[in-house]
> 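Starting off with a structure, shown below.
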Amino acid sequence: MRHWLNLLEYEPRELAQLVALARRIKAGDDAEASAALRGKILTMLFFNPSLRTRTSFEAAMLRFGGHAICLNVGGDTWPLEHRDGVVMDGACSEHIREAAPVLCRYGDLLAVRTFAKLRDAGEDAADRVLRGFAQHATVPVINMESAMEHPCQGLADWMTIDEKLNELPGKRFVLTWAPHVKALPMAVPHSALLAAAAAGMKVTIAHPPGYELNAALLDRAATWCAAAGSSLDKTHKWREARRDADVVYVKSWGAAAHYGDDDAQRSGFQEHADWIVDADHLKPGALLMHCLPVRRNVVMTDAALDDPRCVVVDQAENRMWTQVAILCHLLRQPH
Ligand code: CP
């Protein structure tokens, strides 16, 4: 049985097929989606808040005859433990070893949102909560953003670029770091990077020194770029990178070396406050992207977000269409 845990576990060719399917469904060719989703139940477990992910999954299921159940862990459910072998004499009343298979008896798909803790980069890389659900589930598991990746966002981003720019191989994709008020996870930049690499774009990552992304993931993105005849580069110079880009993808993330030290993270953001993205950093015709939510005039200026080149609402809409494609893909496999 295949899950949808991260882009890293899929081949670029498979991801491209999902983007193509999502585009066909959005264009009105919905027979496959209706056949796959009608009467199906998606159970969503949120350890963290959401606006787009929850709503787009619910809308995706409802539009095509299915149903979605949304549970906020610890609010709607018992607080859940995921570690093995622990004495559960603390806040958690139930273990995912029971919770996951129970929920799988009620529905056809299980989706989980569980953010990075940002205390230990090695712990985050292990993605233990998501992996625990995948281990104990008896239906396909969907990652709705975990410590390491946000694959639904990455696929929607790919679809959005595909719609706007058509031929992607060779186009210049710049993932640019931006300041924030607190450390944020690397899941979105990881998946954005992998999606751009899988699409054959010429990828540049721009960030200040000390804000390196996960090395294994960067290696994979470089491999995918090379296989497509493209390249992956890194730079500390935001101005040049943004000026030449066909796509400027904006995201804030924390410095792994300062995990657990909020003052150091804040100082880093203040030191690099000039990395805020403005409309005049982009060339005419470029796309400006962000996964949302975004803090205006901290991450991106009002002028950037209100610029016609900014496609953040299209990205958010495409979450729904690409998730329909992912749901179809998971439901049509025999299990
Ligand atoms: N981009 C995204 O996942 O949005 P939410 O956190 O609102 O779900």
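Everything numeric in this text was worked out from a predicted model, so none of it was measured. Every number for a ligand or one of its atoms is a count from 1 in the order of the listing.
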> To the nearest 0.5 Å, what is the distance between CE on Met61 and CZ on Arg38?
12.0 Å

> Taking NZ, NE, NH1 and NH2 as the nitrogens, is one of them in Arg63 or Asp30 under 4.0 Å from a carboxylate oxygen of the other?
no

> So if I count the atoms of ligand 1 from 1 in the order they appear, which ones are less than 4.0 Å from some heavy atom of Arg319?
1 (N), 2 (C), 3 (O)

> Can you tell whether the side chains of Asp84 and Arg97 come within less than 4.0 Å, N to carboxylate O?
yes

> In this structure, which one of Val312, Val277, Leu305, Val250 forms a side chain to side chain contact (heavy atoms under 4.5 Å, CB included) with Val294?
Leu305

> Applying a 4.0 Å heavy-atom criterion (strictly less than), which segment of His290 is in contact with ligand 1: side chain, backbone, both, or neither?
neither

> Is there a nitrogen or oxygen of Leu292 sitting under 3.5 Å from a nitrogen or oxygen of ligand 1?
yes

> Can you label the angle between the His281 ring and the Trp238 ring as parallel, tilted or perpendicular, going by 30° and 60°?
tilted

> What are the atoms of ligand 1, with element, lying closer than 4.0 Å to any heavy atom of Gln153?
1 (N), 2 (C)

> Say whether Arg54 and ligand 1 are in contact under the criterion: heavy-atom distance to a ligand atom below 4.0 Å.
no

> So is there a nitrogen or oxygen of Glu145 less than 3.5 Å from a nitrogen or oxygen in ligand 1?
no

> Hey, are Arg319 and Glu145 close enough for a salt bridge, meaning a charged N less than 4.0 Å from a carboxylate O?
no

> Once you restrict to heavy atoms under 4.0 Å, what part of Val188 touches ligand 1? Side chain, backbone, both or neither.
neither

> Just to check, does His150 reach to within less than 4.0 Å of ligand 1 when the distance is taken from its heavy atoms?
yes

> I'd like to check which ligand 1 atoms, numbered from 1 as shown, lie under 4.0 Å from a non-hydrogen atom of Leu51.
5 (P), 7 (O), 8 (O)

> Is any N or O atom of Pro49, backbone or side chain, closer than 3.5 Å to an N or O atom of ligand 1?
no

> So which of Met201, Arg309, Lys171 actually passes side chain to side chain contact (heavy atoms under 4.5 Å, CB included) with Val247?
Met201

> Looking at ligand 1, does Gln315 have a heavy atom less than 4.0 Å from it?
no

